[in-house]
2 protein chains.
Amino acid sequence: MTRARQAGEAPAPEPYATEAICGRILERHRDTVSVRKAHVATANLARIIEAVLRLSSRQGFHETSLRDLAKASGLSMGGLYSYFDNKNTLLLMILTEVAQTAEAVLGNPPPGVAERPAAHLRWLIETHLRLTEAMQPWFVFAYMEAKGFPAPARRIATEGELATERMFAGVLERGAAEGVFAIEDVDLTASLIKPLLQDWYVKRAKYRKRGTTIERYVAGVTDFVESAILARPAQSPPGSADRDGRNPAAVP
Amino acid sequence: MTRARQAGEAPAPEPYATEAICGRILERHRDTVSVRKAHVATANLARIIEAVLRLSSRQGFHETSLRDLAKASGLSMGGLYSYFDNKNTLLLMILTEVAQTAEAVLGNPPPGVAERPAAHLRWLIETHLRLTEAMQPWFVFAYMEAKGFPAPARRIATEGELATERMFAGVLERGAAEGVFAIEDVDLTASLIKPLLQDWYVKRAKYRKRGTTIERYVAGVTDFVESAILARPAQSPPGSADRDGRNPAAVP
DNA sequence: GTCTATACCGGGATAGAC
DNA sequence: GTCTATCCCGGTATAGAC
């Protein structure tokens, strides 16, 4: 991801365009892709993956047949098999790429940010949302298709999940230690932030229909989270005061 | 759901046991189920659905074959078809039951609660979590399997989603009007609460592994949400003060 | 009411021509 | 490197015995 650019490589003005990402995938799978010329391989891989992401978003990956995929990508059945040895490998290519990208991007805050927990938290929220926006079909695919598949696929997705959750937990921990955050249970709070970020790409259609912009959403989540956890100087500690009596609603 | 109990009907101490729910499903599908005796029909339906929920949670619904389902439920291939006319109907049975139950339960707050927004919000959160806990496999199924299936199935799930979101929006609206909540954007806030509740059943395995109890989670979400939106008497309005400068992190 | 046996189709994967 | 033709399995659904 954040590797040094090779001499002669294209400047890649769009690091999250499908073609650019497929170039990186190719590097990781030189062995399973039998096509030698790099530029034709990336081009075709891009068409395949663009197609599989599109079809899967409607029908799911398993329900997407290789025949459909061949038609949609413009290749033939046999042609597909020079890019992966079986359907499951195609799944893994996408999942690992998503996981790697997320870890590389979120693990590299700009200089100075990581030292200030409040700023770091804010950066994590905004960067996460913008990354998943730029690679929306990829993240939706990873989220939706990870379950119910062979163990290795599951693990990749789950690990990625937990990795980013740990980043949040780390920031919250440091912020709480410095006294800028007031948090009772760091791990629980970290796991509550995660779904707020995932909602943006998982339910993208809903937000699009409502006309919610990403700027609005970033601001909304940031305010929501900060209101919940920022330490407030002149106020009683959370979880103690001014609550009206519990109303234990047993399920009827 | 909240119908009057028929004379002679069992007292049903467990309204969310699989058998009890399948009794209700049977009422709604007397036409497609060809087995006449009610008690044998509900018993078998329960075994079928218990099996399909279990298998689908691992492999997904589409990947679960009717052969597997027959083995797991103890019925034969042919036997299954006296309970539904095709696989898709089985899917719809489950989805509609989940949607109906959620709406019936969440739409009936105990007397006095609906009048006080703070109490109502708290009741909604706790009831939602406890309901989805009691029917966890059902809700996971509905959440996971709704996408990628024929339009009618999609609609049922989406409608259910929006219905509960509207309940939250309504409460927040009233609370804001009364001045007990300080909320900039009611609709956005309502849609942020939803994923916090869904996370409990979608990622149930994670929380189980960590030893997070439902009481802990209820308290955690309640505190988180209330800290975020409860109006604070002696404090500047949200979204204005004491934030360190924005740190607009463009995706690198 | 439930089972066994079977029809039939669409899926993934491969062989070999071009 | 890519395509066409084909194999074979496993899926849904049904027919007819018990």
Side-chain angles (χ1 to χ4, degrees), chain A residues 22 25-26 29-49 51-52 55-56 58-94 145 148-150 152-153, chain B residues 22 26 29-49 51-52 55-56 58-94 145 148-150 153:
Chain A
C22 290
I25 293 184
L26 189 60
H29 296 267
R30 276 275 157 74
D31 43 340
T32 76
V33 177
S34 74
V35 178
R36 308 312 321 253
K37 293 178 193 167
H39 63 282
V40 56
T42 39
N44 277 338
L45 203 52
R47 301 203 302 177
I48 293 171
I49 289 187
V52 77
L55 294 179
S56 298
R58 288 202 283 259
Q59 323 164 321
F61 180 72
H62 186 98
E63 295 82 333
T64 299
S65 75
L66 292 186
R67 292 191 218 275
D68 290 347
L69 182 54
K71 252 190 287 281
S73 67
L75 291 181
S76 67
M77 279 292 292
L80 292 181
Y81 277 86
S82 37
Y83 293 91
F84 46 79
D85 50 355
N86 62 62
K87 203 185 172 191
N88 201 50
T89 302
L90 177 57
L91 175 71
L92 288 179
M93 282 180 172
I94 302 178
E145 306 296 346
F149 262 101
Chain B
C22 289
L26 188 60
H29 296 267
R30 277 274 157 75
D31 43 341
T32 76
V33 177
S34 74
V35 178
R36 308 312 321 250
K37 293 178 193 168
H39 63 284
V40 56
T42 39
N44 278 336
L45 203 53
R47 302 203 301 179
I48 293 171
I49 289 188
V52 77
L55 294 178
S56 298
R58 287 203 283 260
Q59 324 165 319
F61 180 72
H62 187 99
E63 294 83 334
T64 300
S65 75
L66 293 186
R67 290 192 222 270
D68 292 347
L69 182 54
K71 252 190 286 281
S73 67
L75 290 181
S76 67
M77 280 294 292
L80 292 181
Y81 278 86
S82 36
Y83 292 90
F84 47 80
D85 49 357
N86 62 63
K87 203 185 171 191
N88 200 51
T89 303
L90 177 58
L91 176 72
L92 288 180
M93 284 179 172
I94 302 177
E145 306 298 346
F149 262 100

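Residue numbering restarts at 1 for every chain, and letters A, B, ... go by the order of the sequence lines.
The CG atom of A:Leu66 sits 16 Å away from the C1' atom of D:dT4 (whole-angstrom rounding). The interatomic distance linking B:Lys37 (NZ) with C:dT2 (P) rounds to 9 Å, in whole Å. We find that CZ of B:Arg47 is positioned 11 Å from C1' of C:dT2, with the value rounded to whole Å. At whole-Å resolution of the value, CD in B:Glu63 and C1' in D:dT12 are 15 Å apart. One atom, CD1 of A:Ile48, and another, P of D:dG1, lie 14 Å apart when rounded to the nearest Å. Nucleotide C:dG11 holds its P atom 12 Å from the CG atom of A:Leu55, rounded to whole Å. Spacing between atom NZ of B:Lys71 and atom P of C:dT4 amounts to 11 Å, rounded to whole angstrom units. What separates CG of A:Leu75 from P of D:dG1 is a distance of 13 Å, to the nearest Å.
In terms of heavy atoms, A:Ser82 sits closest to A:Gly79 at OG-O, 2.6 Å. Closest heavy-atom contact between B:Ala72 and B:Leu55: CB-CD1, 4.0 Å. In terms of heavy atoms, B:Phe84 sits closest to B:Met93 at CB-CE, 4.5 Å.
Judged by distance alone with a 3.5 Å cut-off, a donor-acceptor contact links the side chain of A:Arg67 to the base of C:dG11.
The residue among B:Arg36 and B:Met77 whose nearest nucleotide of DNA chain C lies closer to the 5′ end is B:Arg36.
DNA chain D lies under 4.0 Å from at least one heavy atom of each of the following residues of residues 83-93 of chain B: B:Asn86, B:Lys87.
Side-chain contact between B:Phe61 and B:Ile94 is absent, with no heavy-atom pair separated by less than 4.5 Å. The closest side-chain heavy-atom distance from B:Leu90 to B:Leu69 is below 4.5 Å. With a 4.5 Å cut-off on side-chain heavy atoms, B:Val35 and B:Asn44 do not count as touching.
The listed nucleotides are D:dT2, D:dT12, C:dT14; the one nearest the side chain of B:Tyr81 is D:dT12.
At least one donor-acceptor pair under 3.5 Å links the side chain of A:Lys87 to the backbone N or O of A:His62.
Counting non-hydrogen atoms under 4.0 angstrom, A:Asp68 reaches nothing in the nucleic acid. Base engagement by B:Ser76 is indicated by at least one non-hydrogen atom pair under 4.0 Å involving a base atom.
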